Amino acid sequence: MLRMSVAAREYLMLGDDIKIVFLGGSGKHMRIMIDAPRDINVVRSSVLEKNSTQEERAKLPRYYSEEEHPEKY
């Protein structure tokens with residue numbers, strides 16, 4: 001998994017046709033914009049969890065925030 005810090009208005013390209021733009025945020029919330037072809041399914045994790053069975057939820061990946069470490073360089 002890749003972890004990085006980004007500034008508002010920076011973006012990531014996934015392949016040649018998916019662009020994720022970081023619009024900024026406040027506190028614990030971040031606003032993003034996803035520009036992807038219509039045939040790519042984009043779904044929030046909360047929706048996946050809400051609409052799945054207990055067995056399906058157990059198979060979903062879990063990501064946890066990591067403690068911030070000071071730069072060592």
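None of the values given here were measured: they were computed from a predicted structure. Note that these values count all heavy atoms, side chains included, but never hydrogens, waters or copies made by symmetry.
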| said: Do M4 and M13 sit in one hydrophobic cluster, given that two such residues count as connected whenever their side-chain heavy atoms are within less than 4.5 Å of each other, even indirectly? | reply: no
| Which residues share a side-chain contact (heavy atoms from CB on, under 4.5 Å) with L14, sequence neighbours left out | I18, I20
| task | Please check if L12 and V42 belong to a single hydrophobic cluster, counting links between Ile, Leu, Val, Met, Phe, Trp and Tyr side chain heavy atoms closer than 4.5 Å. | result | yes
| salt bridge (charged side-chain N to carboxylate O under 4.0 Å, His left out) contacts in which one or both residues fall within residues 11-30, not counting sequence neighbours | none
| remark: Of all heavy-atom pairs linking Y11 and F22, the shortest is CA-CD1, 4.4 Å
| message | Quick check: is V6 connected to V21 through a chain of hydrophobic side chains (ILVMFWY, heavy atoms under 4.5 Å apart)? | response | no
| Can you pull the side chain to side chain donor-acceptor pair (under 3.5 Å) pairs that have at least one residue in residues 40-51, sequence neighbours excluded? | E49-R62
